[in-house]
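Have a look at the structure below, then the notes.
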Amino acid sequence: MSLSPKDLRQVVVFQNATDDDLKLVIQNSLTRSIEEGEFFFFQGDPADYLYVLTAGQVKLLQANPSGQQVNLRTIYPWQMFGALGAVRGAQATYPASAQALEDSIALATKSEFLKDMLESRPYLSFDLMKLMTTYIQEMQARYRELATERVEQRIARALLRLTAQSGQKAEEGIELAFSRQDLAEMSGTTLYTVSRVLADWERQGLVETGREQVRIMQPHGLVRIAEGLEK
C-alpha cells in the first residue's frame, strides 16, 4: 500500500507535521497486514513499534492476572496506537494487546525513530500530548460509568459510542458490526448480561440483533437509557 504525506496528515499526531516529516516517517516504516483475530502485539511485549491503522479495525484489550479482559478502546483507520515506547523509551512495554477485529493493515514505525523526531519537533510532541489527554479523559469517563451507572446505562453508552465511530446507515436504523463479547468487554459486564439486555431492548423495538451485529432502531431511546432517564 503506497502512502502519501496527505494520507498521514489524517492522523491527529501528524496533523501539523511538514511534508518532509511525513516522508521521513513513511521511509522509516513498514507495512503490517494482520488477519481477523490475530494480534499486532501482546500486553507486556516490548513497545518497539508504534502503529497507524490504515485499514480495518483493532481493539485494545487489557487482561488482569485472572485472565479477565477489558476492551479499552476500538481503533479505526488513521488512528495511532501502541505509541508508549516513543514516550517512555527502550524499557517500555505495551500495556494492552492489539487484536484485529477484521483483516487489518497498519504502518509500523520504530518507537525510537519517532522519539528522536519528537525531541526535535515540538509540534509533534504537543499533538501526541493532545492524543494522550483524549485517551485519559476517555478512561476517566469509563471509570465513572463503571462506578456509578447501572449496567443498562453502560451498554447503551457503549452502543452510542460505536454508533458515532463506525455506525453505517441502513434503510432502517443504523447498523453496527461487533460481537456481544466485545460489547461485554466495552461495558464491563458479562456476555450473559449483554444478551439479556439486548433481548429486552429488541422486544421494546429499540434494536434488532443478528449474528455479530446490532441495528439501532431508536437511537433516542438509547440516549434516554444512557442518561438514566428510563429505569
Side-chain angles (χ1 to χ4, degrees), residues 10-12 34-37 53-62 68-81 96-105 131 134-231:
Q10 299 176 72
V11 181
V12 170
I34 299 292
E35 294 182 352
E36 180 182 349
L53 192 66
T54 59
Q57 293 184 33
V58 172
K59 64 179 178 180
L60 299 183
L61 296 167
Q62 193 171 71
Q68 184 178 6
Q69 292 184 328
V70 175
N71 187 341
L72 298 179
R73 65 180 288 111
T74 302
I75 303 296
Y76 299 95
W78 308 114
Q79 291 185 337
M80 180 182 287
F81 62 104
S97 300
Q99 184 180 30
L101 289 170
E102 57 189 61
D103 292 351
S104 299
I105 304 172
L131 177 65
T134 299
Y135 288 171
I136 292 170
Q137 290 173 331
E138 287 182 4
M139 290 301 101
Q140 289 174 331
R142 293 276 296 276
Y143 178 79
R144 175 185 55 76
E145 291 169 12
L146 286 170
T148 65
E149 295 184 350
R150 297 176 299 115
V151 67
E152 291 84 359
Q153 287 179 271
R154 302 202 304 269
I155 294 172
R157 286 192 188 278
L159 285 173
L160 292 171
R161 279 195 292 265
L162 287 167
T163 298
Q165 293 169 345
S166 62
Q168 299 292 321
K169 288 186 178 180
E171 188 173 337
E172 291 186 37
I174 302 171
E175 290 187 350
L176 301 172
F178 60 90
S179 72
R180 296 188 181 195
Q181 183 60 45
D182 290 334
L183 185 56
E185 292 168 359
M186 290 181 66
S187 50
T189 188
T190 64
L191 177 60
Y192 169 79
T193 299
V194 165
S195 297
R196 174 182 59 78
V197 171
L198 289 180
D200 183 46
W201 289 349
E202 189 161 20
R203 285 192 292 271
Q204 297 177 45
L206 298 175
V207 302
E208 290 182 358
T209 62
R211 186 178 182 275
E212 297 201 350
Q213 68 177 19
V214 171
R215 180 175 293 183
I216 308 300
M217 305 304 294
Q218 297 183 35
H220 294 299
L222 290 184
V223 171
R224 288 183 61 82
I225 294 171
E227 296 299 326
L229 301 176
E230 292 186 4
K231 302 296 185 180

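In this text, all values refer to a predicted model and were calculated from it rather than measured experimentally.
- Note: L183 CG to R154 CZ = 11.0 Å, rounded to the nearest 0.5 Å.
- Rounded to the nearest 0.5 Å, atoms CG (L101) and CD (E36) are 7.5 Å apart.
- The two atoms that bring T54 and P77 nearest to each other are O-CB, 4.0 Å, heavy atoms only.
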Q218 and W201: CA distance, side-chain angles, deciding distance, side chain to side chain contact (heavy atoms under 4.5 Å, CB included) verdict: CA-CA 10 Å; Q218 297 183 35; W201 289 349; over 6 Å; no
Intermediate values then yes/no, side chain to side chain contact (heavy atoms under 4.5 Å, CB included), E152 and R196: CA-CA 10 Å; E152 291 84 359; R196 174 182 59 78; 4.2 Å; yes
From CA spacing to verdict: side chain to side chain contact (heavy atoms under 4.5 Å, CB included), F178, T74: CA-CA 11 Å; F178 60 90; T74 302; over 6 Å; no
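- In this structure, CD1 in I216 is found 9.0 Å from CG in L206, a value given to the nearest 0.5 Å.
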Test side chain to side chain contact (heavy atoms under 4.5 Å, CB included) applied to L159 and I174, step by step: CA-CA 11 Å; L159 285 173; I174 302 171; over 6 Å; no
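- Not counting sequence neighbours, the partners of E149 by the side-chain hydrogen bond (donor to acceptor under 3.5 Å, both in side chains) test are R144, R157.
- Interatomic distance, F81 CZ to L53 CG, rounded to the nearest 0.5 Å: 5.5 Å.
- The backbone N or O of Y76 sits less than 3.5 Å from a side-chain atom of Q79, completing a donor-acceptor pair.
- Remark: the backbone N or O of Q57 is paired with a side-chain donor or acceptor of S104 at under 3.5 angstrom.
- With sequence neighbours left out, E212 forms a side-chain hydrogen bond (donor to acceptor under 3.5 Å, both in side chains) with no residue at all.
- For the salt bridge (Lys or Arg N to Asp or Glu O under 4.0 Å) test, residues two or more places apart in sequence or in another chain that qualify with D200 are R203.
- Separating the CD atom in E208 from the CE atom in M217 is a distance of 4.5 Å, to the nearest 0.5 Å.
- Shortest non-hydrogen contact noted between Q153 and I225 is CG-O, 3.1 Å.
- How far CG of D182 is from CD of Q99: 8.0 Å, rounded to the nearest 0.5 Å.
- Minimum interatomic distance between A184 and V194 (heavy atoms only, all atoms of both residues): CA-CG2, 3.6 Å.
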